[in-house]
Amino acid sequence: MDWYPLINSLRIAAIATVIVFFAGIWLANLVARAPRLVKGVLDVVLTLPLVLPPTVVGYLLLILLGPRRPLGALAAQLMDLRLTMVWYAAVFATVVVSFPLMYRTARGAFEAFDQTLADAARTLGHSERWVFWRVKMPCCLQGIVAGAVLAFARALGEYGATSMLCGYTPGSTATVATTVYQLWRTGDDAGALTWVLVNLAISAVVLLAMNWFEARGRGERRASSARARAVAR
């Protein structure tokens with residue numbers, strides 16, 4: 001069995017998750033503190049890929065990254081780099097498709113954050129950067145990790161935009177999702193089912209890990225509350 005589609009899918013999903021993790025945190029924190037009108041506009045723009053069909057996202061990316069399109073032609077001219085029909089083109093597709101999951105989850109965590117904790121840290125002379133990384137991030141960590149896990153799972157299973165942007169070439173651009181489709185199209189139901197089971201197993205492990213982390217977070221919060229009540233008595 002050729003394991004390249006799985007290796008390529010994990011590579012693409014890992015790279016995309018790292019990108020959307022930091023971009024999602026930064027933009028979620030920015031939007032959470034923005035005025036209501038600005039927040040509404042930015043929220044629509046940043047969440048739009050979540051509701052668009054993946055093929056539409058792929059088409060829009062082709063308009064930008066195609067070899068005769070603005071960014072694609074510029075990359076080819078300056079760096080002799082192709083942005084379509086190569087394995088890393090799938091990274092662009094998965095970043096766009098999975099970003100809204102990370103962004104919305106992180107934004108919800110930041111909006112639920114108790115600002116009085118940050119204000120207390122500022123009165124002690126700490127900088128905004130210190131407050132963000134040492135106070136805000138630990139309090140919002142559970143939601144942020146959940147967003148990253150969901151983004152990874154979405155990137156791992158992406159098909160529509162990926163197939164339009166990088167196609168299917170065995171040993172080059174093949175992913176688990178595109179391999180399932182190609183095997184089914186050629187009548188290899190046993191091969192397609194094998195890859196479906198592999199994808200199901202990985203997705204189940206990812207979701208179980210997220211549930212375990214959330215349960216652990218709830219347990220730690222209950223323990224902290226119990227300690228606080230004990231001290232109060």
Subject >> Atom pair SG (C140) and CZ (F132), whose distance is rounded to the nearest 0.5 Å >> reply: 8.0 Å

**OP:** Over 60° means perpendicular and under 30° means parallel, so classify the ring planes of Y103 and F99, tilted if in between.
**Re:** parallel

Subject >> Nearest-0.5 Å distance that lies between atom CZ in R104 and atom OG1 in T47 >> reply: 4.5 Å

**OP:** Answer whether the closest heavy-atom distance between the side chains of I144 and F110 falls below 4.5 Å.
**Re:** yes

**OP:** Report, as yes or no, whether the 6.0 Å neighbourhood of atom CH2 on W87 holds more than 12 heavy atoms from other residues, nucleotides or ligands.
**Re:** yes

**OP:** Say whether L156 and L193 are linked into one hydrophobic cluster, either directly or through other cluster members, by side-chain heavy-atom distances under 4.5 angstrom.
**Re:** yes

**OP:** Kindly compute the distance separating CE (M85) from CE (M164), expressed to the nearest 0.5 Å.
**Re:** 8.5 Å

**OP:** Could you tell me whether a side-chain N or O of S9 sits under 3.5 Å from a main-chain N or O of V176, the two making a donor and an acceptor?
**Re:** yes

Subject >> Where A16 and T94 come nearest, the two heavy atoms and their spacing >> reply: CB-OG1, 3.3 Å

Enumerate, atom names and distances included, each donor-acceptor pair closer than 3.5 Å involving a side-chain atom of residues 121-129, sequence neighbours excluded.
| unit_1 | atom_1 | unit_2 | atom_2 | d |
| --- | --- | --- | --- | --- |
| R122 | NE | E128 | OE1 | 3.4 |
| R122 | NE | E128 | OE2 | 2.5 |
| R122 | NH1 | D119 | OD1 | 2.7 |
| R122 | NH2 | E128 | OE1 | 3.3 |
| T123 | OG1 | A120 | O | 2.5 |
| S127 | OG | W130 | N | 3.2 |

Subject >> Nearest atoms (heavy-atom pairs only) where A118 meets V131 >> reply: CB-CG1, 3.6 Å

Subject >> Shared hydrophobic cluster, M102 / F92 (ILVMFWY, side-chain heavy atoms < 4.5 Å) >> reply: yes

Original post:
How about Y181 and S163: do any of their side-chain heavy atoms sit closer than 4.5 Å?
Top reply: no

Original post:
So do L6 and I202 actually touch side chain to side chain, heavy atoms under 4.5 Å?
Top reply: yes

**OP:** Check the hydrophobic clustering (I, L, V, M, F, W, Y; side-chain heavy atoms under 4.5 Å; chains of links allowed) and say if V97 and V44 are grouped together.
**Re:** no

**OP:** Over all heavy atoms of both residues, which pair between Y4 and S172 is shortest? Give the atoms and the distance, please.
**Re:** OH-O, 2.5 Å

Please tabulate, for the side chains in residues 64-80, all donor-acceptor contacts under 3.5 angstrom to protein atoms that are two or more places apart in sequence or on a different chain.
none

Original post:
Minimum heavy-atom separation for V20 to A151, with atom names?
Top reply: CG2-CB, 3.9 Å

Subject >> Rounded distance (nearest 0.5 Å) linking atom CH2 of W26 with atom CZ of F21 >> reply: 15.5 Å

Original post:
Any side-chain heavy-atom pair from C139 and L117 closer than 4.5 angstrom?
Top reply: yes

Original post:
When rounded to the nearest 0.5 angstrom, what is the spacing between CG in L83 and CG in L165?
Top reply: 8.5 Å

**OP:** Measure the spacing between CG of L183 and CG of D189 and express it to the nearest 0.5 Å.
**Re:** 9.5 Å

**OP:** Please check if V198 and V196 belong to a single hydrophobic cluster, counting links between Ile, Leu, Val, Met, Phe, Trp and Tyr side chain heavy atoms closer than 4.5 Å.
**Re:** yes

Subject >> Neighbour count >12 (heavy atoms, 6.0 Å) for atom OH, Y59 >> reply: no

**OP:** Could you pull out the closest heavy-atom pair between A106 and G24, with the gap in Å?
**Re:** CB-O, 4.3 Å

Subject >> Backbone of Q182 reached by a side-chain donor or acceptor of T186 within 3.5 Å >> reply: yes

Original post:
Does L10 belong to the same Ile/Leu/Val/Met/Phe/Trp/Tyr cluster as V91, with side-chain heavy atoms less than 4.5 Å apart forming each link?
Top reply: no

Subject >> Any donor-acceptor N or O pair under 3.5 Å, side chains D114, T116 >> reply: yes

Subject >> Other ILVMFWY residues reachable from L37 by side-chain steps of under 4.5 Å >> reply: none

Original post:
Any side-chain heavy-atom pair from R107 and L46 closer than 4.5 angstrom?
Top reply: no

**OP:** Using modelled atom types only, decide if a donor and an acceptor are shared between the side chain of T179 and the backbone of P5 within a distance under 3.5 Å.
**Re:** no

Subject >> CA sep, side-chain torsions, deciding dist, call: L48, V51, side-chain contact (heavy atoms from CB on, under 4.5 Å) >> reply: CA-CA 6 Å; L48 197 58; V51 296; 4.1 Å; yes

Subject >> Sub-4.5 Å side-chain heavy-atom contact between E158 and T175 >> reply: no

Subject >> Nearest heavy-atom neighbours spanning T17 and A148 >> reply: CG2-O, 3.7 Å

